[in-house]
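For reference, the structure is listed below as structure tokens.
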Protein chains: 2
Amino acid sequence: MSEDNVTTSTTQGRDPASLRRHNLRTLLGHLHLHGATSRVRLGEITGLTRSAIADLVAELTERGLATEAGPSQPQPGRGRPPLIVSPRDESAYVLALAVDVDTVRIGRVGLGGTLLRESATQYVPLPERPEEAVTVLSRMIRRETEAAEVSPLAMGVAVPGLVRAGDGVVTRAPNLGWRELALAERLREGTGFAGPVVVGNEARLAALAEHRRGAGRECADLVYVSAGVGVGGGVITRDRLLTGNTGYAGEIGHMVTNPAGHACHCGGRGCWETEIGTDALLRRAGMVTPGDRNAALAELVSRAHGSESEALETFRGMSHAAAVGLANLINIFDPCRVILGGLLRPTLLYAGDELRGALEELRGLPELPVELCPAELGEQGPMLGAAEAAVSSFLAGME
Amino acid sequence: MSEDNVTTSTTQGRDPASLRRHNLRTLLGHLHLHGATSRVRLGEITGLTRSAIADLVAELTERGLATEAGPSQPQPGRGRPPLIVSPRDESAYVLALAVDVDTVRIGRVGLGGTLLRESATQYVPLPERPEEAVTVLSRMIRRETEAAEVSPLAMGVAVPGLVRAGDGVVTRAPNLGWRELALAERLREGTGFAGPVVVGNEARLAALAEHRRGAGRECADLVYVSAGVGVGGGVITRDRLLTGNTGYAGEIGHMVTNPAGHACHCGGRGCWETEIGTDALLRRAGMVTPGDRNAALAELVSRAHGSESEALETFRGMSHAAAVGLANLINIFDPCRVILGGLLRPTLLYAGDELRGALEELRGLPELPVELCPAELGEQGPMLGAAEAAVSSFLAGME
DNA sequence: CCTATTTTGTTTTCACCTATTACAAATCAT
DNA sequence: ATGATTTGTAATAGGTGAAAACAAAATAGG
């Protein structure tokens, strides 16, 4: 079944002008994803001739989006050394924010995906009232942009909550106390920034980041799952992030994996996050919610790292519950890789055999090997994903 | 989050020639999906000018893919009456097959989606050995093609089993006794047909058909679920069928919804199809697998239709188990519509309130109303879907 | 050190596609 | 009948990448 859609997507070209836009986007997109590339290589990839590439690259450099230079190190082989085209980063960058309960990360990410040195992490307990939170965020953004000589190409924000696709409205973010907050619009007002502003769910954006820069490179179909207090996820299909109708696709935490399980705050029973979330893990470990959950978790992980049998057993005990949900996701999505973040990362590292074993048992299709990989980007995932979404948004709106 | 992919898809254009191919595809795709359209309207839709449309339409008519005619009924309004462009069907058609255990449907579907009158349903018990089955299918195809004066644009085949995307290999179809059968290739050999041959899973293809021609029209994100002996499904995202890495995406029958449930033939326990499949329903109804399951089912449905309370109660009893799986799918995919086929259709019709009620309880996001719709195409779904996949494949390979 | 070879960049010419513009045709409103 | 309106047609123009010829810069080999 090699079915492409009948009505081809609208992004692309009908007239010569949009044809050129498309080729420019393709080129810049490749530079962003794969870094410095020779002109000839670009031609091989895009199918364009050298002369066309020359012309297009000239436009990109004129616009300050790319640079050309002779090869930094001597090339092997005979002929004339190629010109290497690189994405610019210092002057062509996006601003990325990752909002969390007690942390706001802000970073400058250049084309090519490099986290520029100006990036910083600031710990700002956000005020309860969303309006004030917006003010705080706007101030942080202004401080970053005013320091720079050029304004960013786009901005991306990761939020732990439900974000409506398209308009960047945070429908609800229980941990932040936000409801129906038009974050993209407010930030645009609060900063006077005219370019694209994208807001997204942190897990979806982390999935995007892992796909492009982390454990999911060169993998067109993957599932990312991160377990924390809640369980979030994101799915990449054919190199694209699954959004669903409203942008909520990927809410896997409330997948019911055990109807006989514990009650969930969502009103249901046996949701996956009641089985493999932070509280479930601590419950298994016999640590009955002490003062600081994070500290308890860190201790548990370090004990497992030190091969203490009780801690290892805790993770092993969680592997079956994790496998049930993962098997479901694998059957549904047929990914070539599953990336595990948050608590599932130590679960994979310290109880990998048990997890894989449970999956083997549960899955209907042992023919297909699916790789289980630990997430590579850790806590930076959401911010890097916000940057990637911002870049994509800039590319989509180019010219 | 309005992120489009960075490296834009490869289907489209880099040079002027492929630009034209793209526009031709767009035009023909629109005609196929939406039927006869005036030239001016086509221009509005595609953004092309009247002269460009004229030129493109001329090529389509020359190739025998479209026809132009004056308006059949007088138009309202003033100016010169427009020329109406229609997809041809009699001379531009695809061949579609739907293979099942005791039935093989074969049909001719014209551009525009009309099931041509030459279409036929033939009941042919397929022989046990796959090789012979291929021979039977090839013969049926040859009979259809030889009768026609022009050969089909493409062929599509729906199979109750796992089909690898890309090469059309049936990995396994337990009910047919097939394993690793290169069906697309064999049919190409057996019929001498040179055009595209696509093979797909029947539920995925039915989902495609419902999307284009049935209960899922004008809905870009939908989930289709059909319960029978097994439970199959298909997902449409952004107007495209989800395939996953290998083509197996959508195997929702073995989603574990009740770890404490019955054993499943797949080796697992509590798979969704052990909860809502044919056997589960008959078990609930107290009909302990009599000779003919289909007859028993038909009786049950007709009793429910006649409002017999016991039959209604059977469907009501199944609604909760159905809702668990549906809630999971809704949380995962955020569709705007869920289409229910097979046994889930009567469940919706006769126990709709219970089903919706159970969903309300289970779902984390009551903000988002999701429509539940009965499938419209019934048993023709897989065949019509095969036709749609064939058309898409023809369009993708045009020129 | 010089030359042949190879690879890459540049320039020119050309073919293709759609936009633009002007004009013709067909219908309705008055 | 006449003008307004909408649609189709034809001719010209602008923009895009391809193709081909040429120039430049390196290596390999004597």
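Residue numbers begin at 1 in each chain, while the letters A, B, ... track the order of the sequences. Predicted, not measured: the structure shown is a model, and the values here were computed from it.
- The CG-P distance, from Leu83(A) to dA26(D), rounds to 11 Å in whole Å.
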Quick tally for nucleotides 13-23 of chain D: nucleotides whose base has a protein heavy atom under 4.0 Å get B, sugar-phosphate-only ones S, the rest -, giving ---BSSB----
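- Every residue meeting the side chain to side chain donor-acceptor pair (under 3.5 Å) condition with Asp89(B), not counting sequence neighbours, appears here in chain and number order: Thr114(B).
- Nearest to the side-chain atoms of Ala54(B) among the listed nucleotides dT9(D), dG9(C), dA26(D) stands dT9(D).
- Glu189(A) is linked by a salt bridge (Lys or Arg N to Asp or Glu O under 4.0 Å) to nothing, counting only residues two or more places apart in sequence or in another chain.
- Under the rule for a side chain to side chain donor-acceptor pair (under 3.5 Å), Arg21(A) has no partner lying at least two apart in sequence or in another chain.
- With salt bridges taken as basic N to acidic carboxylate O contacts below 4.0 Å, one links Glu59(B) and Arg20(B).
- Rounded to whole Å, the distance from NE2 on His22(A) to C1' on dC17(C) is 16 Å.
- Here Arg88(B) pairs with nothing under the salt bridge (Lys or Arg N to Asp or Glu O under 4.0 Å) rule; sequence neighbours left out.
- Partners of Arg188(B) according to the salt bridge (Lys or Arg N to Asp or Glu O under 4.0 Å) rule, which considers only residues two or more places apart in sequence or in another chain, do not exist here.
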Enumerate the protein-to-nucleotides 28-30 of chain D contacts in which both atoms are nitrogen or oxygen and the separation is below 3.5 Å.
unit_1, atom_1, unit_2, atom_2, d
dA28(D), O4', Arg78(A), NH1, 3.4

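- Checking dT7(D), dT9(D), dT8(C) against every side-chain atom of Arg39(B), the shortest atom distance belongs to dT9(D).
- Every side chain to side chain donor-acceptor pair (under 3.5 Å) that Asp334(A) has, sequence neighbours left out, goes to Thr246(B).
- In this structure Arg41(B) satisfies the salt bridge (Lys or Arg N to Asp or Glu O under 4.0 Å) test together with Glu44(B), sequence neighbours excluded.
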